[in-house]
Number of protein chains: 2
Amino acid sequence: MITLTEENYIKAIYHLGSNGEKSVNTNAIASVMQTKASSVTDMVKKLSEKKYANYKKYQGVTLTEEGRYVAINIIRKHRLWEVFLVEKLNFSWDEVHEVAEHLEHIKSEKLINELDAFLEFPTYDPHGDPIPNKEGKFKHVEKIVLAKAEVGDTYKCVGVDDTSSNFLKYLDGNKIGLGTIITIKHKEPYDNSIKLALENTEIVVSQNVAKNLYLKKV
Amino acid sequence: MITLTEENYIKAIYHLGSNGEKSVNTNAIASVMQTKASSVTDMVKKLSEKKYANYKKYQGVTLTEEGRYVAINIIRKHRLWEVFLVEKLNFSWDEVHEVAEHLEHIKSEKLINELDAFLEFPTYDPHGDPIPNKEGKFKHVEKIVLAKAEVGDTYKCVGVDDTSSNFLKYLDGNKIGLGTIITIKHKEPYDNSIKLALENTEIVVSQNVAKNLYLKKV
DNA sequence: AATAAAGTTTAGATTAGTCTAAAAATATTT
DNA sequence: AAATATTTTTAGACTAATCTAAACTTTATT
Ligand SMILES: [Mn+2]
Ligand SMILES: [Mn+2]
Ligand SMILES: [Mn+2]
Ligand SMILES: [Mn+2]
């Protein structure tokens, strides 16, 4: 049996290690889990005993094949529920993450596969993140962060890094969403703010925004 | 904050006390919670401290107004999720209870009210149990248990008490479901078995079945 | 009314997950 | 290379929920 807490740690390690590739250190996990380093050490030992992670003292932690499988499965559930909430229950993209954090732990193969079918096998969630299929496979999304976009080029908005309600509402307020076409007008070296052209308007966004918005060249 | 375990105890007390009316004793709770009497005593003290229950040593326990509110809310969620699983995700009535036991603990007002609307405000769940509305109100279902039905009378099947997969599959196998019309042919005093007439067939059911099937006179 | 049986509570342990404070290891700076 | 700072681990304690075994109340039977 795997506990809810173990699942959350595994998910955190997966995301922090860039989808399970790199070794993740204790403080980083403590930070995203909103807990103390000492608690992380204890849990990481347990995950290691249970064969979900590889861990050597002071050397950081990586996921095993099995740990990665668990992580991808939770992410699949999380993102499918997010689609459900937006498509069927009138949630906006800034409201879904919190509820999906809970729904992702419901354990039923049939439930999630039927939900997948009911939603007609979506491949992206409301934030532009890819949804793993039943076998855990998903396409890598080709994208660059707005901060690295080049002046004069035109892009399509394909995702966000920050899924906080505050950030997403800010984007709503500025008429930016998935699919929005954006041309880079100017990058201000002083504070790394960026001037963008949207369909009808021009706006200036801060470095914070520029670091959390993903684009694809068109 | 109310924990998942507290919610389950409150629900058990509600059901055992015939919807929160009668006082419930320790062993009864232990039995449905699959735990020991000593654990129940501890929890019941905690529920009492938290104002969800009234408890005096050796005198059993009842729910407070607030406890009853919590119970009804969980039951509302449980039954709405059961409807969702059957209506939208191709679950059969014997598969839903277990998953609903988990889904009922997801805490989001918006989620459950939108789900209710999405399902077009159903009033009964797949087992014939009434679904409380947003205000916690629901109709009392007029029903008698098959064991008390009278020979010669004709009834409609309106519910089940046991929602175990085994029992529900048994009913499926014998072509009995909600809405099925049943005439009582004979009650056997020796073992309390009952002979029923269905649409095309006659079958004999055991006392166990007779105690778990609810009917309404037509 | 006394005794036995059944039901309930208390006392003391256990496990998962967390914390603080101190010790140990690693990384960085001088 | 030594000193300092940062990171990580250990040790010991706490809470929620559980258990067993013993003590206590209530109920049933003689
Ligand atoms: Mn999310
Ligand atoms: Mn998402
Ligand atoms: Mn149920
Ligand atoms: Mn039901």
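Remember, predicted model here, so these are calculated numbers, not experimental data. Labels below follow one simple rule: chain letters A, B, ... track the order of the sequence lines, proteins then strands, and each chain is numbered from 1.
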**Study point:** Integer-rounded Å distance: C:dT18 P and B:Met1 CE
**Key:** 15 Å

Check your understanding: Once you round it to whole Å, what is the distance between P of D:dA16 and CD of B:Glu7?
Key -> 16 Å

**Study point:** Pairs touching residues 1-13 of chain B that satisfy side-chain hydrogen bond (donor to acceptor under 3.5 Å, both in side chains), sequence neighbours left out
**Key:** B:Glu6-B:Lys46, B:Glu6-B:Lys50, B:Glu7-B:His105, B:Glu7-B:Lys107, B:Asn8-B:His105, B:Lys11-B:Glu101, B:Lys11-B:Glu104

**Study point:** Verdict with reasoning, B:Asp162 to B:Lys211, per side-chain contact (heavy atoms from CB on, under 4.5 Å)
**Key:** CA-CA 9 Å; B:Asp162 182 359; B:Lys211 280 180 174 169; over 6 Å; no

**Study point:** side-chain contact (heavy atoms from CB on, under 4.5 Å) partners for B:Glu95, two or more places apart
**Key:** A:Lys110, B:Phe91, B:Ser92

Point to revise | Heavy-atom closest pair, residues A:Ala149 and A:Leu215 | key: CB-CD1, 4.1 Å

Check your understanding: Would you say B:Thr41's side chain and B:Ala37's backbone share a donor-acceptor pair under 3.5 angstrom?
Key -> yes

Exercise for review: Provide, to the nearest angstrom, the distance between the CD1 atom belonging to A:Ile2 and the P atom belonging to C:dA16.
Suggested key: 14 Å

Check your understanding: Could B:Asp116 and B:Lys134 be called an ion pair, given the rule that one side-chain N must be under 4.0 Å from one carboxylate O?
Key -> no

Exercise for review: Using whole Å, report how far CG of A:Leu4 lies from P of D:dA16.
Suggested key: 18 Å

Review point. Do any side-chain nitrogens or oxygens of B:Tyr9 fall under 4.0 Å of OP1 or OP2 in D:dT18?
Key: yes

Point to revise | Atom-to-atom span, CD1 of A:Ile29 to P of C:dT18 - whole angstrom | key: 12 Å

Point to revise | A:Met33 CE to D:dT8 P, straight-line distance once rounded to whole Å | key: 16 Å

Practice item. Assign a letter to each nucleotide of nucleotides 7-14 of chain C from its 5' end: B, base within under 4.0 Å of a protein heavy atom; S, sugar-phosphate only; -, no contact. Key: BSBB----

Study note, to complete from the structure: When rounded to whole Å, the CE to C1' distance for the pair A:Met43 and C:dC19 reads 14 Å

Practice item. Can you tell me the distance, in whole Å, between the CD atom of A:Glu6 and the P atom of C:dA16? Key: 9 Å

